[in-house]
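Scroll down for the structure; my scribbles are underneath it.
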Amino acid sequence: MSTRQSVMLLVVLVLSLPGLIHSFKPLFNSNSFTHREITRIAVLRKTAEVCRDITASKGLDFNLIIDNNLSAGKVQRACSSMDAFTSFVSTIKFETAIASMYLSNAAVDQIFPLSAARHFDDETFQGGRDIITEGVSAVKAHAKLENYFRGRLSLGQICHTLQDFYSHSNWVELGNKAPYSALIRPDQPLKNLAGRNTPTCRNCVGENCTNNILPDVQNQGLLTSGYFSIFFSSKPTGKCSHGGFFDRTSRRDPVGGINKDTLDSSHGLRHNEAANLAIRATMELLEDVRLAAGDTNFMRLMGLSQSPVLCFVIDTTGSMSDDIDEAKRVSFEIIDRKRGTGQEPSGYILVPFNDPDFGPLVMTSNADVFKEQMNSLTAAGGGDIPEMALSGLQLALTAAPPFSEIFLFTDAPAKDAYLKNTIIALIESTKSQVTFMLTGSAAGRRRRRTSQGVAPRAMSQSGAQLYQDLAEASGGQAIQVTKSELSLATSVIVDSSASAVVTVFQASRNPGRPDNFNFTVDGSLQNITAYITGDSPLTFSLTSSTGVSQTSSQSSGPLASVTTAGNLCRLSLNTDNETGLWQLSVSSNNPYLVKVTGQSSVNFIYNLVEEHEGAHGDFSVKEGRPLSGGNASILVTVTGSETVKVTEVTLFDNSGPTEVKGSLQSLGSSDFLVTFSGIPAGEFVLILKGEDSSSTSRSTSSSFQRQASTRIKTSSISVTAQANNTNIEPGTTISIPFTVAATTDGVITDSATETFTVRVSNDRSYTSTSPSSVTTVAGSGGKANGTVTLTAPSSAASGTDVTLTIEAENAAATDINYVVLRFSVTAKVTDVNRPVCQVVNTTTCDSTSLLCASSQWEFIANFTDGINGTGIESVTIRQGNGTLNMSTVVEAGGENITLVTYTASCCSPIVELTAVDSVGNVGTCVGQARVLTTPPPITPTPVTTTTPATTMTVGTTTTASTTSAVHTTSTGGQTLNISAIVWLTVVFSVLLK
């Protein structure tokens, strides 16, 4: 075996060892802070602070105590209190965003278990700081491109490294009570670092490591961290170790460790101090991101939104003019009706496609930009009938946040049907729904021409079946209507755009057969709608919990108003406070789908996780499908109510029917770990049942049921992949090793010899290489290895994300599994300096407070970013109630200067300006006018006094102060010198983004 092969095998073995976590525990611990809790608390507190500041700027009250006991519901309700239009407060988007951050945080222990810099081990302070500051730049770049989902993933990873500093270093032991701000500011030096040859620790006394850091280290304030290795016991002489069962360096003098990961760690007595500092440091980092992104985009990054994104994928070929017009009509109606309210869509995504083109992707939070892009769509061309529908859908699925609903308009089959498995993998990974608006006539039917005189294209049964399969996998619908009926079918889009939409029940029958479907109406549900999608002949009857019935022959009956368009039947239910068990009976021998939705604050999100056993056993997110016959764990978070009692979580396969009940473990804060044993092969949906005794319910205690829309399918193929980095520099290539294996009852079959077909796809069409197949051979332990390469073009913009899907299919083409990996294109940032502020001039205010409303003052300053800087991109008012004007000039030396003029009433004598350069570095300039109470002397002649600009040093921050005389004429025509009356104090402080 070659040296390279030996090293690769060693790394694989290391990554497969259980319990290699050496940090705050990632997700769960009964009595210690975890990365999950630290991240969650910091996000909730910082989000609440931003809401408080926004509310105060509007002159409104903010009645929420900001501490470590906040919940997503409390923050969401407090931030939504000013919006009277919002009748439902849904935390599903907020909880999903928080979960994506803390799950990405936890994944660092699995992706980079041996990276000293990512855990601040081995005194790698500069390397750890580089990871944080480069990651912060990536987060800001993502926010700038409004790619908030990828921004959250990057944010979670760097928070892990930042938080580990307080557990793994001696910052806490040095007596520090505030975060180490230099870790997020690369223009500041890292001070008092212990030299490599400086001893830092002595032996612990037995199990007692309380005083094992040397007194000289403490007295001199030297910064150190523990060394860690699972392979070797060697470390520099006299250095501290991390400590713990897997750390071999801790067995060599000086023995013991200094980590504070849990209460039981070597320095566990300082665990709570370290965790609280980690919370404050995470909040400081979030504040840095907030200043660069601005409050509005920061809140979008945090996921504080009531409504989903509005996402359209539209065929733009010649026969689609009517469809495009209808898509414009319904989207503009939604925008205009909800603009400025809490139900305004959180974002807008548009992907056009035809043949051979698809895209470009338009992603924006600006409704007017979306309207402009929609209005630019025209129907033209088309060539042969099939179009690049799935390529367009792939772009939308990777751009939209998890749990989105995507609407695809077409009248043609997909030319790129080979992407079907990739699309299903992305659907399962993002848990997004896809609903197809199909206006293509069935083959052989007479086709009505569009308003432009173009006949719609025929769609074969196989072409329509592809869309139906994808809709069913995602929990969406495949609605087939004529072009004249499309306006009736798009009511589905209006329904889904409402806030707090939940899925109560969903099932399909393929092949079709008559069946009865029961669903529970609880007290929190309103605006309940049932959908039946299937070809005629199809009849149904609806029965309420009190026994009242209505049949499909009644378009308006005692229980529902019924609308029919094409293969869609929409029932708008009148539940009339009738909670309990309802039944929908469908009679049809054709395939059909039944779906029941409503509006309610009570919902849930879920993520597949896998357990890692050992001394530090915990869980991390599982990519791909669970293994047939094996065990599976699902992390469930119930949203919208703090009085929910979950009684049952099941995996249900209604084709069997097969039901697998999960074992529930409460984790607090409405979080539950659900474990399933021996899941059989099949396609399942996740159903959650419980009781809610909240005051918003119509009864004292109401039973409820919610269902996940996206199917969970099992596989007997194991696919794993591991990238050594999640960032790619433009113009560079990364390699991603992957492993494929056959399994039996969830365990890899060591003796299996099988060839797997490999398919690799990325949503950006970047250059990629991969093997077409891999084979397990004797002696391989049942595993086959391969490598994928991915190259980001040199023209790729920083902040761009790319999603890579690796699929493996068995030789019989009956089983498939996959992994979905997400990468950030991140250009190396060389500009780490913050914008500099120089005050030019300030005018004064009349000293009489009664006249402040009729007087104004002016503040003029220059912001510069240096000759080698990336340039000032924006200047905003962080504090103050005035107007801001800006202009840019270029000095002789080539330096750009942004001249800022701020004008305000003298009743608002304080201003704080924030300048952001092109890579997110932030500088702030604060001015305060103080009015003396002593009236100024009156002189017969004007006197001018000018004080030259002075430079002061406050800590490590340079500030400028300028006082100048301004002449003002009194009512008696006399000129007053009031330079002594008003002093402007300018405090310049900058925060690096």
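The figures that follow rest on heavy atoms only: side chains count, while hydrogens, waters and symmetry mates do not.
The backbone N or O of T870 sits less than 3.5 Å from a side-chain atom of D865, completing a donor-acceptor pair. Within the 3.5 Å criterion, the main-chain N or O of Y766 finds a donor-acceptor partner in the side chain of N762. In this structure, S104 contributes its side chain and L153 its backbone to a donor-acceptor pair below 3.5 Å. With hydrogens and angles ignored, the 3.5 Å screen pairs no side-chain donor or acceptor of D763 with any backbone N or O of T398. Remark: side-chain polar atoms of S432 are not paired, donor with acceptor, to backbone N or O of I427 under 3.5 angstrom. With R36 contributing its side chain and A106 its backbone, the two residues share no donor-acceptor pair below 3.5 Å. Not one N or O on the side chain of E873 forms a donor-acceptor pair closer than 3.5 Å with the backbone of D917. S404 places a side-chain N or O within 3.5 Å of a backbone atom of P401 that can act as its donor or acceptor partner. Judged purely by atom type and a 3.5 angstrom limit, S474 uses its side chain to pair as donor or acceptor with the backbone of V434. Judged by distance alone, the side chain of S137 and the main-chain N or O of T133 form a donor-acceptor pair under 3.5 Å.
Between T776 and E754, the shortest heavy-atom contact is OG1-N, 2.7 Å. The heavy-atom pair separating A389 from L408 by the smallest distance is O-CD1, 3.9 Å. The nearest pair of heavy atoms linking V313 to G392 is CG1-C, 3.9 Å. Here the shortest heavy-atom pairing between A721 and L821 reads CB-CD1, 3.9 Å. In terms of heavy-atom proximity, I335 sits nearest to A367 at CG2-CB, 3.6 Å. Closest of all the heavy-atom pairs between I423 and L390 is CD1-O, 3.5 Å.
At a cut-off of 3.5 Å, with distance as the only test, a side-chain donor of S824 or H142 sits close to an acceptor on the other residue. In this structure, a donor-acceptor pair under 3.5 Å is absent between the side chains of E387 and T410. When only modelled atom types and interatomic distance are considered, Q394 and S761 share a side-chain donor-acceptor pair under 3.5 Å. Side-chain contact, E623 with T720: no donor N or O sits under 3.5 Å from an acceptor N or O. Counted by atom type alone, D325 and S321 present zero donor-acceptor pairs between their side chains at under 3.5 Å. A donor-acceptor pair shorter than 3.5 Å can be found between the side chains of N354 and T316. Of the N and O atoms on the side chains of T769 and T789, at least one donor lies less than 3.5 Å from an acceptor on the other residue. In this structure, a donor-acceptor pair under 3.5 Å is present between the side chains of N105 and Q163. A side-chain N or O of T755 and one of T775 form a donor-acceptor pair less than 3.5 Å apart. At a cut-off of 3.5 Å, with distance as the only test, no side-chain donor of E95 or T637 sits close to an acceptor on the other residue. In summary, the side chains of E729 and T826 do not present any donor paired with an acceptor at a separation below 3.5 Å, with no hydrogens or angles considered.
Between D323 and D315, the closest side-chain pair of non-hydrogen atoms is not below 4.5 Å. Using a 4.5 Å cut-off on side-chain heavy atoms (C-beta onward), M437 and I493 make contact. Contact check for V916 versus I872: no side-chain heavy atoms found under the 4.5 Å cut-off. The closest side-chain heavy-atom distance from L419 to L393 is not below 4.5 Å. Between K828 and E134, the closest side-chain pair of non-hydrogen atoms falls below 4.5 Å. Inter-residue side-chain proximity for L466 and K420 is flagged as met; some heavy-atom pair is nearer than 4.5 Å. V330 is listed as a side-chain neighbour of F312, based on a closest heavy-atom distance under 4.5 Å. Contact annotation: the side chain of F407 never approaches that of I479 to less than 4.5 Å [non-hydrogen atoms, C-beta and beyond].
Under the rule for a side-chain contact (heavy atoms from CB on, under 4.5 Å), the partners of S765 that lie at least two apart in sequence or sit in another chain are F358.
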| query | Can V719 and I717 be said to form a side chain to side chain contact (heavy atoms under 4.5 Å, CB included), step by step? | reply | CA-CA 6 Å; V719 183; I717 303 172; 4.0 Å; yes
| said: Checking V774 against F738 for the side chain to side chain contact (heavy atoms under 4.5 Å, CB included) test, could you report, in this order, the C-alpha distance in whole Å, the side-chain angles of both residues, the deciding distance, and whether it holds? | reply: CA-CA 10 Å; V774 292; F738 68 92; 4.1 Å; yes
| message | Between T710 and Q433, does the side chain to side chain donor-acceptor pair (under 3.5 Å) criterion hold? Intermediate values first, please. | response | CA-CA 7 Å; T710 309; Q433 299 179 54; over 6 Å; no
| request: Please report the C-alpha distance between D357 and M388 in whole Å, then the side-chain angles of each, then the deciding distance to 0.1 Å, and finally whether the side chain to side chain contact (heavy atoms under 4.5 Å, CB included) criterion is met. | output: CA-CA 7 Å; D357 298 321; M388 303 295 285; over 6 Å; no
| field | Residue pair I406, T435: steps toward the side chain to side chain contact (heavy atoms under 4.5 Å, CB included) verdict | value | CA-CA 6 Å; I406 299 167; T435 291; over 6 Å; no
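Distance check: I132 CD1 to L285 CG gives 7.5 Å after rounding to the nearest 0.5 Å. Interatomic distance, S331 OG to Y348 OH, rounded to the nearest 0.5 Å: 9.5 Å. The CG atom of D815 sits 3.5 Å away from atom OG of S715, with the distance rounded to the nearest 0.5 Å. Once rounded to the nearest 0.5 Å, the distance linking OG of S768 with CD1 of I734 reads 9.5 Å. With rounding to the nearest 0.5 angstrom, the CZ atom of F370 is 10.0 Å from the CG atom of N375. To the nearest 0.5 angstrom, I111 atom CD1 is 6.0 Å from Q722 atom CD.
A cation-pi geometry, defined here as NZ or CZ lying under 6.0 Å from the six-membered ring centre and within 45° of its normal, holds between K431 and Y606. Stacking of R300 on the aromatic ring of Y148 is not recorded, the 6.0 Å distance cut-off and the 45° axial limit not both being met.
The one candidate from V43, I98, N297 that meets the side chain to side chain contact (heavy atoms under 4.5 Å, CB included) condition with M302 is V43.
In this structure, R822 does not pair ionically with D801, as no charged nitrogen and carboxylate oxygen lie closer than 4.0 Å. A salt bridge does not link R625 with E683: every distance from a Lys NZ or Arg NE/NH1/NH2 to an Asp or Glu carboxylate oxygen is 4.0 Å or more. A salt bridge links E807 to R759: one of the charged nitrogens lies within less than 4.0 Å of a carboxylate oxygen.
Using cut-offs of 30° and 60° for the angle between ring planes, the H160 and H35 rings count as parallel.
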